[in-house]
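This report concerns only the one structure given below.
Reminder, nothing fancy here: chain letters follow the sequence lines and each chain counts from 1.
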Amino acid sequence: MPLTVPVKTVVLISLILLAGAVAMIFRPGEGTQVFADETTVIRVAGSTTVLPIVSRAAERFQSRHPSVKITVNTGGSGVGIHGAGTRRFDIGLASREISPKEKHRYASSDLRTTVIGRDAVACVVSSEVFHAGVQALSKQQIRDIYLGKITHWQQVGGPDRPIIVIDKEVHRGTRHVFMQYLFGKSNARAPGARLVTGSNNEEQAKIAQSNSAIGMLSVAWINDEVVGIGIRDGERVIHPTLDNVRNGRFPIVRNLNLITVGEPQGAVKQFIDYLLSEEGQQQVADSGYIPVQSPHAVSRVAGSHSK
Amino acid sequence: MNPRLWKERTTVFILYGLTGCGGLVLAVILTTVIMKGAPALSGEFLFEESRNFGLEGGIFYQMIGTLILMVGAAMVCLPVALGSVLFQTEFLHSSKLKKMFRFLIYSLNAVPTIIFGLIGYLFFGVLLEAGVSWVTGVLILAVMILPTLHVSIHEAVESIPDHYREAGLALGLSPGQQMRAVILPQSVYGIVTGTLLGLARAAGETAAIMFTATAFSGVRLPQSWNEPVTTLQTHILVLSQEAANPAALTHAWGAGLVLLTLVLFLISVTLWMRTGMEMEAER
Amino acid sequence: MNMKPMFPERGPAFWLTGLAATVSAGTIGLLFVSLVVESVPVFKAEGVSFLWGTDWFAGESYGALPMIYGSLMVTGLALVMVLPFALGSAILTSEFLSGRARLIVKAAMELLAGVPGILYGLMGIALLAVWVRDLFGLIDGNTLFTAGVLLAVMILPTVMTLAEDALRAVPGETRDTALSLGLTRIETVMQVVVPQALPGLAGAVFLGLGRAMGETIAVMLVIGGIDRIPQPWFDLFAPGQNIPSKIGREAAEALGFDVQWSALIALGLVLFLMVMTLTTAGNFLIGKAR
């Protein structure tokens with residue numbers, strides 16, 4: 001008989017715990033139901049390049065506007081545009097322009113673009129490769145590496161190791177811009193690739209973990225282990241520095257976009273305005289990107305990656 | 001030496017070796033999570049919200065999100081599983097139909113979780129217009145854990161001794177009264193253990209909710225039904241992709257340890273209750 | 001549902017539970033029908049060659065073979081690696097351990113079977129991929145092999161527990177008879193018990209494989225993510241892609257839209273059918289063994 005006691009106690013305790021958990025979770029929700037209508041939720045998702053800016057800005061913005069809640073999610077530029085187009089999100093983040101195909105797909109949604117910053121995409125390599133002598137490559141060399149024609153670092157003056165070519169998921173903004181530069185086609189194929197990654201974080205980690213990888217990455221994500229190499233054009237080498245991006249010498253630049261359905265309104269507009277304000281632009285700079293003073297001044301840079 | 005004895009000994013030795021290797025691997029896994037996760041744990045980590053993309057702060061709302069999804073799923077699932085089991089045991093008399101039913105439930109149990117995510121989003125996210133939200137997640141997970149609850153409750157109901165039912169019938173109870181007076185009270189253990197296992201399964205699931213119910217940052221308590229939550233599972237998923245950043249990994253392991261503790265706690269309570277029941281039954 | 005006189009009483013209890021039963025039994029059917037219906041567009045666009053096309057490039061062409069190949073490959077690898085350990089420990093636990101030790105082992109296995117997949121993923125990406133690379137002198141550790149190892153470890157507790165159940169299901173008299181005929185304990189186990197439990201053992205393995213084939217997260221993080229069949233095809237240390245990982249990576253981008261969505265659902269359908277085959281076979285064998 002004594003055995004039944006603990007078992008029954010457990011049943012009781014579990015039920016109480018369960019009920020407690022339920023009460024804890026749902027009471028606040030029910031209790032604040034009155035205010036629920038006053039709380040505006042802005043759902044943001046997409047490019048992991050734009051994400052840091054928006055995520056930081058959202059934390060500040062919410063502390064000043066307690067009635068606005070901004071949820072931010074990753075996914076990539078394709079997800080951002082798709083989500084905005086299907087109204088799954090209020091703001092889609094894209095580190096590229098909306099492709100003609102996407103424009104067609106979401107024609108009924110009247111997608112609008114607001115530029116909040118500028119960025120450059122660098123060709124990056126594992127630090128071990130950089131220190132072994134590969135500090136710049138020509139456009140043709142990078143092209144051949146992605147095509148699988150060059151497969152060994154020695155072929156371009158590097159260490160005695162095969163090249164691990166890292167590609168990105170097809171819809172990713174960084175890939176569109178990089179492929180547009182290399183091949184003049186944003187959805188060019190890369191038969192030389194060995195790994196396909198998604199977010200900036202994932203690509204950065206894979207390159208850092210390796211000692212012989214090459215990839216494409218926003219300049220803001222370059223660090224000690226993942227080094228941006230220069231692009232050699234004849235005798236001239238252009239390194240992916242912010243200066244070179246600002247003065248227009250570095251060839252692979254892009255806009256960081258917010259995608260909305262129609263003109264932004266209400267809280268969404270407020271938040272976008274905040275991102276374009278001096279304080280918001282400071283956060284663009286703090287995240288490692290180049291601020292834009294006004295969304296209109298640079299909106300034509302969109303095509304610059306086809307230079 | 002006797003060749004048969006020798007063979008016997010080596011075989012047993014090999015069996016111990018294989019078991020030992022298997023056990024070792026699993027022990028390594030547990031200790032790794034504990035060793036790597038423990039340094040991250042602190043009051044701040046458990047009770048603050050995450051900041052700077054999960055590199056600073058804690059995992060408070062991630063824990064809340066996991067709890068919301070798993071408890072919600074169990075609450076939605078329990079009545080359906082219970083009703084479905086009772087229908088099967090009390091009203092369904094053809095053994096063919098019973099077999100069919102069992103087959104369907106076992107099949108549901110085998111469905112890869114990512115498929116629940118895909119189709120679940122189509123039904124709950126698009127058709128119910130719940131979008132990427134905790135409601136979508138709860139409903140998807142409820143479907144996913146249905147077989148777990150179903151099988152467990154079914155076992156409990158089936159194991160009620162016949163004379164209990166007969167007593168009920170002799171008293172002239174209607175099926176409804178029979179359920180309330182005899183079957184439910186007698187299968188409480190099965191219902192509780194099934195629910196706990198379901199909770200554990202829901203807490204450990206990532207694939208079904210990663211693109212249907214969650215967001216990465218900026219999430220606190222949902223205040224309406226169509227808001228996303230953030231969970232331990234998806235938090236670990238995002239952070240683990242930053243495997244070269246020690247700060248991200250520390251937080252990922254910390255969140256992993258919390259998740260593991262939660263899941264193992266739920267399962268051990270189930271095991272403990274079941275052992276108790278078996279001992280009771282043997283007396 | 002259309003019920004004939006087999007239900008004499010139709011009170012509220014009947015209708016309420018009937019509704020619940022319809023929901024739970026209908027779910028799987030609905031799931032299957034949705035998979036079929038939603039995958040029609042891709043079969044219209046690509047024809048049946050969707051199944052053996054080797055090229056998948058979102059927006060251009062959809063061929064499922066690399067993913068099917070990857071799924072089969074990692075599952076097969078998991079099978080080869082899990083088999084000796086799971087069966088060895090099941091035999092030891094069922095035939096040679098005392099009741100108490102057996103209970104402890106079984107309890108531990110049930111706990112381990114519940115370890116969330118994301119933790120295996122974390123371990124895979126942070127540790128195993130690096131170990132595999134260094135141990136085998138590879139240029140990169142994100143390979144089919146890595147994914148196979150992870151899956152083997154993941155399903156070990158499940159397969160072991162089910163296999164142990166199958167062995168225990170062999171009646172004690174069988175063992176006694178064999179022992180009284182002068183067989184040693186190990187001979188009894190190997191020549192009498194295991195052959196008798198064979199259907200149950202096979203069932204256990206099938207169920208484990210079904211689980212391995214459907215696992216998403218752990219594989220997604222270490223398999224390399226490239227939709228390509230390695231050259232040569234048996235190169236285990238090459239990166240690849242399996243079906244769940246492919247769906248996991250592309251679903252958010254295509255949610256509910258276009259041929260790409262349909263292609264992902266069709267992949268889901270293929271996965272569903274493969275997993276169903278494994279688990280139905282597994283359940284059948286285990287049921288037969290009882």
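Summarising the geometry, atom CZ belonging to B:R220 is positioned 8.5 Å from atom NZ belonging to A:K69; distances are rounded to the nearest 0.5 Å. How far CD of B:Q241 is from CG of A:N200: 11.0 Å, rounded to the nearest 0.5 Å.
Nearest heavy atom pair, residue A:T71 against residue B:A215, reads CB-CB, 4.1 Å. Summarising the geometry of A:S55 relative to B:S217, their closest heavy-atom pair is OG-OG, 3.0 Å, with the distance given to 0.1 Å. Contact detail for A:N73 and B:T214: the closest heavy-atom pair is ND2-O, 2.8 Å.
Around atom CD of B:E56, more than 12 heavy atoms belonging to other residues, nucleotides or ligands sit under 6.0 Å away.
Among A:N201, A:N223, A:V79, A:T86, the residue with the largest count of heavy-atom pairs under 4.5 Å with chain B is A:N201. Ranked by heavy-atom pairs under 4.5 Å with chain B, the first of A:E225, A:Q209, A:R56 is A:R56. Note on A:P52, A:G75, A:G83, A:A58: by heavy-atom pairs under 4.5 Å with chain B, the leading option is A:P52. The choice from B:R51, B:E227, B:M210 that makes the most heavy-atom pairs within less than 4.5 Å of chain A is B:E227. In terms of non-hydrogen atom pairs under 4.5 Å with chain B, the most contact-rich of A:E59, A:R88, A:R87 is A:R88.
Residue A:R43 touches chain B through its side chain alone, counting heavy-atom pairs closer than 4.5 Å. In this structure, chain B has a heavy atom under 4.5 Å from the side chain of A:Q62, while its backbone stays farther away.
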